[in-house]
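On a predicted model such as this, the values are computed, not experimentally measured, just so you know. Naming convention: chains lettered A, B, ... in sequence-line order (proteins, then strands); numbering from 1 in each chain.
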Amino acid sequence: MIFKTASGLATVDTIFYGSGECPIGQVLVALSASGVCAILIGANKDELVADLAVRFPKANLVANEHVVHDDLTKVIRFVDKPGEGLDLPLDLRGTAFQRRVWETLRTIPIGTTTTYTELARSIGAPNSVRAVAAACASNPIALAVPCHRVVGSNGDLGGYRWGVERKRELIKKEAMA
DNA sequence: TTTAGAGAACGCG
DNA sequence: CGCGTTCTCTAAA
């Protein structure tokens, strides 16, 4: 669907979504035309859909379990058996800085962790630790963009958009894999 | 559309 | 415990 906006022609895309149950809660997968644009975790479906609506206020959100089925299955399997990895086509939407951070997150091996400081250094912005943390916090694609593998330099877990308990659980599961 | 100000999943002294 | 640093969002002009 195409809309005319003040800034010119903009495509307002349709996003299909579906959710399912996994060991750490309800998980929702959202698909745009070019790939997975969000993976959200929460207590129930309503919460997840509300979250999705906030993140994509201008998109046309359509519930469709069918088109999302395969990807959702992969995600749920990953939570259960992280050792097998999670390979999905992603549609990363964010500022250049955010994408730099998110892309780098994807290079962190399963079962390992890094720190916000180390992450800042590896994207070439050693002084941007706090900004890097903010970029992690705004990651819309849980699990596939493994922001849960970033911890504080002092050994603290740091925060997690979807609850530190889930972060702890994910790190633990990956370590055992 | 530009800009000023506040806040953020941090880390050091 | 407070401050430096970088990036984002919001409100207001």
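No side-chain donor-acceptor contact under 3.5 Å links A:Ser122 and A:Thr104.
Listed nucleotides B:dA9, B:dA8, C:dT6 differ in distance to A:Asn127; the shortest reach to its side chain belongs to C:dT6.
Side-chain contact between A:Asp13 and A:Phe56 is absent, with no heavy-atom pair separated by less than 4.5 Å.
When the C1' atom of B:dA9 is taken as reference, atom CG of A:Asn139 falls 11 Å away, rounded to whole Å. Between the C1' atom of B:dA9 and the CZ atom of A:Arg168 lies a distance of 14 Å, rounded to the nearest Å. Between A:Leu157 atom CG and B:dC10 atom C1' there is a gap of 14 Å when expressed in whole angstrom units. To the nearest angstrom, P of C:dG4 lies 23 Å from OH of A:Tyr116. Per the geometry, CG belonging to A:Leu119 stands 13 Å off P belonging to C:dC7, to the nearest Å. Between A:Gln98 atom CD and C:dT6 atom C1' the separation is 13 Å, expressed in whole Å. One interatomic measurement links the two molecules: CG of A:Asn154 to P of C:dC1, which rounds to 16 Å at whole-angstrom precision.
At a threshold of 4.0 angstrom between heavy atoms, the contacts of A:Phe97 are confined to the sugar-phosphate backbone, with no base atom among them.
For B:dG11, one of the phosphate oxygens OP1 or OP2 lies less than 4.0 angstrom from a side-chain nitrogen or oxygen of A:Ser153. At B:dG11, one or more side-chain N or O atoms of A:Thr117 fall inside 4.0 Å of OP1 or OP2 (strictly under the cut-off). The side chain of A:Thr95 places an N or O atom within less than 4.0 Å of a non-bridging phosphate oxygen (OP1 or OP2) of C:dT8.
The base of C:dG4 lies close enough to the side chain of A:Arg130 for a donor and an acceptor atom to sit less than 3.5 Å apart.
Listed for the A:Thr107 side chain is no donor-acceptor partner under 3.5 Å among the backbone atoms of A:Glu103.
In this structure, the separation between OG on A:Ser19 and CG on A:Leu48 is 6.5 Å, given to the nearest 0.5 Å. Here the straight-line distance linking atom CG of A:Asp46 with atom CG of A:Asp51 works out to 12.5 Å at 0.5 Å rounding.
Partners of A:Tyr160 by ring pair (Phe, Tyr, Trp, His ring centres under 6.0 Å), not counting sequence neighbours, listed by chain and number: A:Trp162.
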Item to check | Secondary-structure notation, DNA chain C, from Watson-Crick and G-U pairs under 3.5 angstrom (| other strand) | outcome: ||||.||||||||
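Each of A:Val129 and A:Ala96 has a nearest nucleotide on DNA chain C; the 5'-most of these lies closest to A:Val129.
Checked options A:Lys167, A:Arg168, A:Arg149; the residue passing with A:Glu174 is A:Arg149 (criterion: salt bridge (Lys or Arg N to Asp or Glu O under 4.0 Å)).
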